[in-house]
Amino acid sequence: MNKNSNTSIKDWDFNPRLGSIYRNPRGFHRSYLEMEKVLKIYVYEEGEGPIFHEGPCKNIYSSEGRFINEIEKEKTVFRTRDPNRALLYFLPFSVVRMVQYLYKDGTNDLSSIKTTVVDYVDLISRKYPFWNRTLGADHFMLSCHDWGPKTSSFVPSLFHNSIRVLCNANTSEGFKPSKDASLPEINLFTGEMTSLGGPSPSKRTTLAFFAGRLHGHIRSLLLKRWKNNDTDIQVYETLPRGVSYIEMLRNSKFCLCPSGYEVASPRVVEAIYAECVPVLISDGYIPPFSDVLNWKAFSVEIKVKDIPRIKEILMGISSSHYVRMQRRVKMAQRHFVVNDPPKRYDVFHMTLHSLWLRRLNIRVADYYS
């Protein structure tokens, strides 16, 4: 047996036969195993709740709160109490909590949020040597709020140097895939996972489905063209009474995932949970874990200008190819599942792996030249 093949590594949680969903399955597997051995994160203890060290664990911002709360736990093997052992340093503020407690609705005044972030980074940089030695490049923040990118811009080195783990992964707003990491937006209505799965491809009777309120120009174009216009492309602003959103997802072959005012949408993960092939419709969106996952294998990307051609494009996908894509959605699903406690290869660990890959790109010497 080739000692360099995946199959030579005993890991009952990784199946190399699922390679089609990965860009490089062997490379990912080896990198993941190395991360488990080496990665240590120091969480700065400064700051008090609810703005620091806490976050929402249900609703549309649950990805932010779940990660913060998990990395804060003493039993998290990736956390170290010794900053000198750390490879990464986490700035544990919640943008959602800042908006909730520091922002007054309708004022457009972000000065309190700005002051909080600026003062916190200043405190960290004065109290510890780690920020200054890399200008923040081995530090990271994480946010699922639309204002995550804006919040990071209040400290230029945080915006330009640090790793920003963002649901709003928009290249037109300064998101850099080589430095920043895209975080899945997961709407946990009650804080608990919804059931996974759905009918087989042959039992999915709707070609494509979307339901959502008018929210940005992309959805406006989608609703204008397809709302009430075609029984195959079922697009709603509001679902009819008695129609289940979840069941519509499960009974559709393709689930349309248009961006709203911001590029991220919980519909991407909702589609994956329902084993419905996601159709990404956006400008500048970088899907989560793109450096590892081959999104073309289990999703369809449609340019905004091609919204009028949605039916043509989807009907052009052969039945055999669709079946393969749908099977791959099921394979990729595990990487987006929220577990409590976390399990290997789930969304928490995939987020850590995204950080791990970006940490490998950092060479401290570069920041002294």
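Everything quoted here is computed from the prediction, not taken from an experiment.
Side-chain contact check for Ser172 and Asn170: at least one donor-acceptor pair (N or O, by modelled atom type) lies under 3.5 Å. The closest side-chain donor-acceptor pair between Tyr32 and Asp13, if any, does not fall under 3.5 angstrom.
Placement of Met248 and Val277 in two distinct hydrophobic clusters is found when ILVMFWY residues are connected by side-chain heavy-atom separations under 4.5 Å, directly or transitively. With hydrophobic clusters built from ILVMFWY side chains whose heavy atoms lie under 4.5 angstrom apart, Phe93 does not share a cluster with Leu123. In the hydrophobic clustering of ILVMFWY residues, with side-chain heavy atoms under 4.5 Å counting as a link, Val268 and Ile246 come out apart. In the hydrophobic clustering of ILVMFWY residues, with side-chain heavy atoms under 4.5 Å counting as a link, Met350 and Val165 come out together.
Nearest heavy atoms, Lys176 versus Arg164: N-NH2, 4.5 Å. Heavy-atom minimum distance, Pro266 versus Glu185: CD-OE2, 3.0 Å. Arg250 and Ala274 make their closest contact through CG-CB, 3.9 Å (heavy atoms, listed as atom of the first residue, atom of the second, distance). Of all non-hydrogen atoms in Ile272 and Pro278, the two that sit nearest each other are CG1-CG, 3.9 Å. For the pair Glu72 and Pro92, the tightest heavy-atom approach, listed with the atom from each and the gap, is OE2-CB, 3.7 Å. For the residue pair Ser162 and Gly136, the shortest heavy atom distance occurs at OG-O, 2.7 Å.
Residues Val292 and Leu357 are in side-chain contact: their nearest non-hydrogen atoms beyond the backbone lie under 4.5 Å apart. The closest side-chain heavy-atom distance from Leu33 to Glu36 is below 4.5 Å. Residues Met331 and Asn15 fail the side-chain proximity criterion, which asks for heavy atoms closer than 4.5 Å.
Put simply, CG on Leu352 and CG on Asp346 are 9.0 Å apart, with the number rounded to the nearest 0.5 Å. Taken from CZ in Arg344 to CG in Asn339, the straight-line distance is 13.0 Å, to the nearest 0.5 Å. Taking CD1 of Ile21 as the start and CG of Asn294 as the end, the distance is 9.0 Å to the nearest 0.5 Å. Distance check, rounded to the nearest 0.5 Å: CZ of Arg219 to CD1 of Ile307 gives 11.5 Å. Rounded to the nearest 0.5 angstrom, Leu249 CG and Cys276 SG are separated by 6.5 Å. Here the CZ-NZ distance, from Arg309 to Lys305, works out to 7.0 Å after rounding to the nearest 0.5 Å.
Under the rule for a salt bridge (Lys or Arg N to Asp or Glu O under 4.0 Å), the partners of Asp230 that lie at least two apart in sequence or sit in another chain are Lys311. Applying the side chain to side chain donor-acceptor pair (under 3.5 Å) criterion to Arg327, with sequence neighbours excluded, gives no partner residue. In this structure Tyr89 satisfies the side chain to side chain donor-acceptor pair (under 3.5 Å) test together with Arg133, sequence neighbours excluded. Residues meeting the side chain to side chain donor-acceptor pair (under 3.5 Å) test with Trp295, sequence neighbours left out: none. Shown here are the ring-ring contact (aromatic ring centres under 6.0 Å, His included) partners of Phe67, two or more places apart in sequence or in another chain: Phe90, Phe348. Under the rule for a side chain to side chain donor-acceptor pair (under 3.5 Å), Asn229 has no partner lying at least two apart in sequence or in another chain. A search for salt bridge (Lys or Arg N to Asp or Glu O under 4.0 Å) contacts involving Arg85 returns nothing, not counting sequence neighbours.
The other members of the hydrophobic cluster of Ile60, by chain and number, are Tyr61, Val96 (side-chain heavy atoms under 4.5 Å, ILVMFWY only). The other members of the hydrophobic cluster of Tyr285, by chain and number, are Val263 (side-chain heavy atoms under 4.5 Å, ILVMFWY only).
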| request: Check step by step if side chain to side chain contact (heavy atoms under 4.5 Å, CB included) holds for Tyr101 and Thr116. | output: CA-CA 11 Å; Tyr101 289 95; Thr116 300; over 6 Å; no
| request: Show the numbers, then the answer: is there a salt bridge (charged side-chain N to carboxylate O under 4.0 Å, His left out) between Lys303 and Asp306? | output: CA-CA 5 Å; Lys303 297 179 180 178; Asp306 289 329; 5.9 Å; no
| query | Could you go step by step and tell me if Arg324 and Ser320 meet the side chain to side chain contact (heavy atoms under 4.5 Å, CB included) rule? | reply | CA-CA 6 Å; Arg324 287 194 296 271; Ser320 58; 4.0 Å; yes
| message | Checking Arg267 against Glu270 for the salt bridge (charged side-chain N to carboxylate O under 4.0 Å, His left out) test, could you report, in this order, the C-alpha distance in whole Å, the side-chain angles of both residues, the deciding distance, and whether it holds? | response | CA-CA 5 Å; Arg267 287 166 180 79; Glu270 288 170 351; 5.1 Å; no
| Could you walk me through whether His335 and Tyr345 pass the side chain to side chain contact (heavy atoms under 4.5 Å, CB included) check? | CA-CA 6 Å; His335 297 312; Tyr345 299 102; 3.9 Å; yes
| said: Before you tell me yes or no, could you show the steps for Leu158 and Trp131 under side chain to side chain contact (heavy atoms under 4.5 Å, CB included), namely the whole-Å CA-CA distance, both residues' side-chain angles and the distance that decides it to 0.1 Å? | reply: CA-CA 10 Å; Leu158 177 61; Trp131 177 275; 4.2 Å; yes
| request: Tell me, with the steps shown, if His353 and Phe28 meet ring pair (Phe, Tyr, Trp, His ring centres under 6.0 Å). | output: CA-CA 9 Å; His353 186 258; Phe28 164 59; 5.1 Å; yes
| query | Passes salt bridge (charged side-chain N to carboxylate O under 4.0 Å, His left out), Lys296 versus Glu301? Steps please. | reply | CA-CA 8 Å; Lys296 291 182 179 180; Glu301 183 175 344; over 6 Å; no
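For residues 233-284, every residue pair satisfying the ring pair (Phe, Tyr, Trp, His ring centres under 6.0 Å) rule, not counting sequence neighbours, is listed here: Phe209-Tyr245, His215-Tyr261, Phe254-Tyr322. Within the structure, every pair that satisfies the salt bridge (Lys or Arg N to Asp or Glu O under 4.0 Å) test and touches residues 274-292, not counting sequence neighbours, is listed here: Asp291-Arg358.
With respect to His139, the ring pair (Phe, Tyr, Trp, His ring centres under 6.0 Å) criterion is satisfied by exactly one of Tyr128, Phe130, Tyr44: Tyr44.
Under a cut-off of 6.0 angstrom, the local environment of NZ in Lys114 is sparse, with at most 12 non-hydrogen atoms contributed by other residues, nucleotides or ligands.
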Identify every side-chain donor-acceptor pair in residues 140-150 under 3.5 Å, counting partners at least two apart or on other chains, and give the distances.
unit_1: Ser143; atom_1: OG; unit_2: Glu64; atom_2: OE1; d: 3.3
unit_1: Ser143; atom_1: OG; unit_2: His145; atom_2: N; d: 3.2
unit_1: His145; atom_1: ND1; unit_2: Trp147; atom_2: N; d: 3.0

